[in-house]
Amino acid sequence: MEKNFHTIYLPTRPQTDTIIAIFILKKLGKEEFPGVEDAEVAILSQVEEGKSEKDYLNDGCVLIDIGGGRFDHHTQGETATHAIADYLGLLDYPPLQKLIQIAERDDKYGKGIISKDRLDRAFGLPGLIMALNKSTDDNADLVVRSFLPIIWGHYHEECRRTIELPEEFKQLEGEGKVKEIHVDHKGKNLFVMGVESNSKSIAGWLRAYKRADVVVQKNTSGHAIVLTNPRSSVDLSGVAAEIRAAESGEKKDGFDKPGRIDEVPYWYYDTATNSLLNGGSHASDVEPSSLTLAVLLEKVKKGLGEL
């Protein structure tokens, strides 16, 4: 199709399913539907008599949930999101899996937000969409455009989580930049991973998807972090003492204190997040650690094992 697609028609105000469907169409359907990324969303209560879906397509219009065509879930038996993802060959595309599932749960089963908590329901995606629909005099295009950046944020992170970070981790492993150790800590055997990487997402990914109890990350600037998995109940006080002692060249009472200490001010022990921070994305002016990843892992092992 070489024509320019300028309008996307819905039969009624946008809902979770149709907004996600439009996102997929605009973001990933540009080759099949040139110009659709800039197409306006409008309401069409019924198709013109005698006019088919093909006629609308020839006019540069895409019909969703109306007209009995390829993207009308009333005839296809699934959601509009499912129909569009299927048409584009993306039903199994990892970054879209949660979007496909929430569209189905909301539209097919009527359970967009399972929680009964009134705040969860009010500020969940379906509730916010409903509120904006009521507040914009059924301006479908405004509603859709308001939520597309939110859907994009989720999609972007899913691309990172399901494609980019696994590929990055495999490359780091091949370069020998990933280390794994096990430490007995307060009756538990903790899985500790060390990684040399500048990625801002890899440490969180290792905790979530490699099930690491503790992650030690060192980047090329020399800055480092020690993060823990909330489910693991790790006591980092001993690790703070060991790392600070290694940096200063001496061990003193109070090196296990939370916050900053005068002797080694560039290692912050954050008890709120149960982490040790030597700089970071918002603290690039902090003095970097002098310790290698191998030494940091050694100090983590010792600090955890002493407790």
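Only heavy atoms go into these numbers, but all of them, side chains included; no hydrogens, no water, no symmetry mates.
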With a 4.5 Å heavy-atom cut-off, do [X] and [Y] have their side chains touching?
X      : Y      : value
Leu297 : Val192 : yes
Glu242 : Lys302 : yes
Ser197 : Lys177 : no

Does Arg160 pair with Glu157 as a salt bridge, N-O distance under 4.0 Å?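 No salt bridge links Arg160 with Glu157.
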Assess whether a salt bridge exists between Arg70 and Glu53, defined as any Lys/Arg side-chain N lying under 4.0 Å from an Asp/Glu carboxylate O.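 The answer is yes: the pair qualifies as a salt bridge.
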Distance check, rounded to the nearest 0.5 Å: Gln101 atom CD versus Leu96 atom CG?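 Between Gln101 CD and Leu96 CG, I get 11.0 Å after rounding to 0.5 Å.
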To the nearest 0.5 Å, what is the distance between CD1 on Ile261 and CZ on Arg244?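 Atom-to-atom, Ile261:CD1 and Arg244:CZ are 4.5 Å apart.
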Side chains of [X] and [Y], donor plus acceptor under 3.5 Å:
X      : Y      : value
Glu104 : Thr81  : no
Ser199 : Ser201 : no
Asn229 : Asp213 : no

Should side-chain heavy atoms under 4.5 Å link Ile, Leu, Val, Met, Phe, Trp and Tyr, which residues sit in the same cluster as Leu206? Leu165, Phe169, Leu172, Val178, Phe191, Met193, Val195, Ile202, Trp205, Tyr209, Val215
For the hydrophobic clusters of this structure (ILVMFWY residues joined by side-chain heavy atoms under 4.5 Å, transitively), does one cluster hold both Ile113 and Ile129? no
Test Leu236 against every option in Leu227, Thr228, Asp270 by the side chain to side chain contact (heavy atoms under 4.5 Å, CB included) rule and name the one that passes.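 Filter result, single survivor: Thr228.
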